[in-house]
Amino acid sequence: MTLSLVRKTQEAELQGQLARRVYIETMGCQMNVYDSERMAEALGRHAYVTTTDIERADLIVINTCSIRDRVEHKVLSMLGSLRKLKDHNPDLVLCVAGCVAQQVGQGLLARVPHLDLVIGPDQIASLPDLVAGARDRQQRQAATEFVHRKDYAFPELLAPDDGRATSFVTVMKGCNKVCSFCIVPFTRGREVSKPSQQVLDEVRLLVQHGVREVTLLGQNVNSYGKDRKEELDFAQLLRQVAAIDGLWRVRFTTSHPVDCTDALVEAFARVPKLMPFFHLPIQSGSEAVLRGMRRAHGVDDYLQKIEKLRALAPHVALSTDIIVGFPGETDADFQLTLDLLARVRYTSLYAFMYSARPGTTAAQLPDDVPLAVKKARLAQVLALQDQMSQAWLAGFQDQEVEVLFEGRSRAGDSGPNSLLGQLDGPPQVTGRTPQNVPVNVAATDPEALATWPGRLGRVRIDRVHPHSFSGTLLGFVA
Ligand code: SAH
Ligand code: F3S
């Protein structure tokens, strides 16, 4: 919970209002993490404080993701287990939010009699009213209308008071692409760009409160501005954000290759604050599969963009998303994906087994790659990538890198021994390299956990772990 929410609650208590507690369970992507924060803020203005103790909550929100299957199942089983709490406390309000809510809507209320509210991603601003209706008037409802783009207002971002060094900023919502496997256009609606003035004001506000790195977020972030004639395009927005004094680092996610313009590629070479890490999903190395996926790009045009980027900014780390087992994917198609990975040499990737999502066009195709084959392909992709990632990470051994410190390291960040390190030795402070690799550094002074976050350190890499480094602080740059 942010300190500002604590303050607001204390004020509310002083005014005689009794604070209520909200527990928010977030599933899925960064967009959901961001939305959960906005829900907490919207509720904070109505005297709700967040709690991590679900049993003491007056309101439980499950913020869901429906990108792959089985999540609905997980949501239903979580709701089942909450029944007991609701029996003990009839005033408890239960709410499902996010993409599953959008997709299943009213059907969730019908299936789960003790569920009070279902709200789609466009309804975050109405959450406090809907909760009040459920609590005071026992109104069970599903609010899943999309707000028309003309009337859409992005939930306001409040000043964080929790000392965070990094923050997300949503710059657009929705997706106008028609990738045949993807449910996002159905659950998040059409693209709407946040006015650039609002983006810049929000980043300035974050910087005033100690944030040094922002990640601009959108389902299709690099198509920013295409829905507003008068608006900047994404590369221009990036430059303006990067020009803000006091901000040191900018990142963005997630991009579609079709909207990856020359200007965006050039930004990696020309905008020093733009960090050298680019997540550019390709999904498959087979032209035939890409056509079936309706990705609107092929392998060659994708590779041309990568080559251009490598020529201009060779130090940029690349990552991607891969789907294995898309309908009709043959061994030969899959081999093309492995070939592509070996050729590009990403530094990391996310790989998924295809699962048919309701309402998508791919769901009409026979899901004909057997599960065992999907699993084997997934394992092959991950094994190949692990080799390449390890080789790349190993190159940093004994090198000096700049790390923006964020806070206490979580157990497991630096491999199996980090928990022991945490218990036995000094606390570890965690941060990221420009290329987005987590680094844990043992605190050399007792105040490190309080004073290092938000500072930029020079760190020598002592050990390379599967997905992170540990190192020694050599000194501060800022
Ligand atoms: N642009 C989006 C991408 C959404 S989904 C974003 O905001 O990140 C993230 C990834 O999930 C996709 O790139 C794709 O690799 C994977 N994915 C989406 N639908 C899928 C499906 N039906 N089956 C398996 N993987 C899927
Ligand atoms: Fe989904 Fe394709 Fe958009 S993966 S989010 S439809 S770019």
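All heavy atoms count here, side chains included; hydrogens, waters and symmetry mates do not. In each ligand, atom 1 is the first atom listed, and ligand 1 is the first ligand listed.
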Regarding [X] and [Y], is there a side-chain donor-to-acceptor distance under 3.5 Å anywhere?
X      : Y      : value
His46  : Asp129 : no
Asn32  : Thr26  : no
Thr330 : Asp333 : yes

Atoms of ligand 2, numbered as shown, that sit under 4.0 Å from any heavy atom of [X]:
X      : value
His256 : 7 (S)
Cys179 : 2 (Fe), 4 (S), 6 (S), 7 (S)
Phe181 : 4 (S)
Arg295 : 2 (Fe), 4 (S)
Lys177 : 3 (Fe), 7 (S)
Pro185 : 6 (S)
Cys182 : 1 (Fe), 4 (S), 5 (S), 6 (S)

For ligand 1 and [X], I'd like to know whether there is a polar contact (N/O to N/O, distance under 3.5 Å).
X      : value
Phe181 : yes
Asn220 : no
Arg68  : yes
Ser355 : yes

Practice task
May I ask whether Cys29 places a heavy atom under 4.0 Å from ligand 1?
Solution key: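 Per 4.0 Å heavy-atom rule, Cys29 does not contact ligand 1.
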Handout entry: Within-shell test, Met353 vs ligand 1, heavy atom, strictly < 4.0 Å
Key =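 Yes, Met353 has a heavy atom closer than 4.0 Å to ligand 1.
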Fill in the blank from the handout: Note: heavy atom closest to atom 8 (O) of ligand 1, options Asp321, Thr254, Thr320, Leu349, belongs to Thr254
Is the ring pair [X]/[Y] parallel, tilted or perpendicular, if the boundaries are 30 and 60 degrees?
X      : Y      : answer
Phe396 : Phe469 : tilted
Tyr152 : Phe154 : perpendicular
Tyr302 : Tyr346 : tilted
Phe268 : Phe252 : tilted

Exercise for the section: Can you spot which of Phe334, Phe181, Phe326 makes a ring pair (Phe, Tyr, Trp, His ring centres under 6.0 Å) with Tyr354? Expected result: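 Only match with Tyr354 under ring pair (Phe, Tyr, Trp, His ring centres under 6.0 Å): Phe326.
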Can you tell me which residue and heavy atom of the protein come closest to [atom], and the distance to 0.1 Å?
atom                    : answer
atom 5 (S) of ligand 1  : Ile67 CD1, 3.3 Å
atom 25 (N) of ligand 1 : Phe352 CB, 3.5 Å
atom 1 (N) of ligand 1  : Gln219 O, 2.4 Å
atom 3 (Fe) of ligand 2 : Cys175 SG, 2.3 Å

Exercise for the section: Identify which one of Asn220, Asn176, Asp259, Asp233 satisfies the side-chain hydrogen bond (donor to acceptor under 3.5 Å, both in side chains) criterion when paired with Lys226. Expected result: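 Only one option passes, and that is Asp259.
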Practice task
Would you mind telling me if ligand 2 is within reach of the side chain of Pro281, the backbone, both or neither, using heavy atoms under 4.0 Å?
Solution key: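 Looking at Pro281 and ligand 2, no heavy atom falls under 4.0 Å.
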Problem - Residue portion contacting ligand 2 (non-hydrogen atoms closer than 4.0 Å) for Val184 - result: side chain
Handout entry: Pairing of Asp331 and Arg377 as salt bridge, 4.0 angstrom limit
Key = yes
Handout entry: Salt-bridge present (Lys308, Glu266; N to O < 4.0 Å)
Key = yes
Practice task
Just jot down the ligand 1 atoms closer than 4.0 angstrom to any heavy atom of Arg357, in number order.
Solution key: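 By the 4.0 Å cutoff, the relevant atoms are 22 (N).
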Practice task
Identify, by atom number and element, the atoms of ligand 1 in contact range of Ile323, meaning under 4.0 Å from any of its heavy atoms.
Solution key: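 So the answer, numbered in order with elements, is 14 (C), 15 (O), 17 (N), 25 (N), 26 (C).
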Main-chain N/O of [Y] paired with [X] side-chain donor or acceptor, under 3.5 Å:
X      : Y      : value
Gln428 : Ser409 : no
Lys194 : Val199 : no
Glu231 : Ser196 : yes

Handout entry: Gln283 and ligand 1 - part of the residue with a heavy-atom distance under 4.0 Å
Key =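 Only the side chain of Gln283 comes within reach of ligand 1.
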Problem - Heavy atom of protein inside 4.0 Å of atom 3 (C) of ligand 1, strictly below - result: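 It does not; no protein heavy atom is within 4.0 Å.
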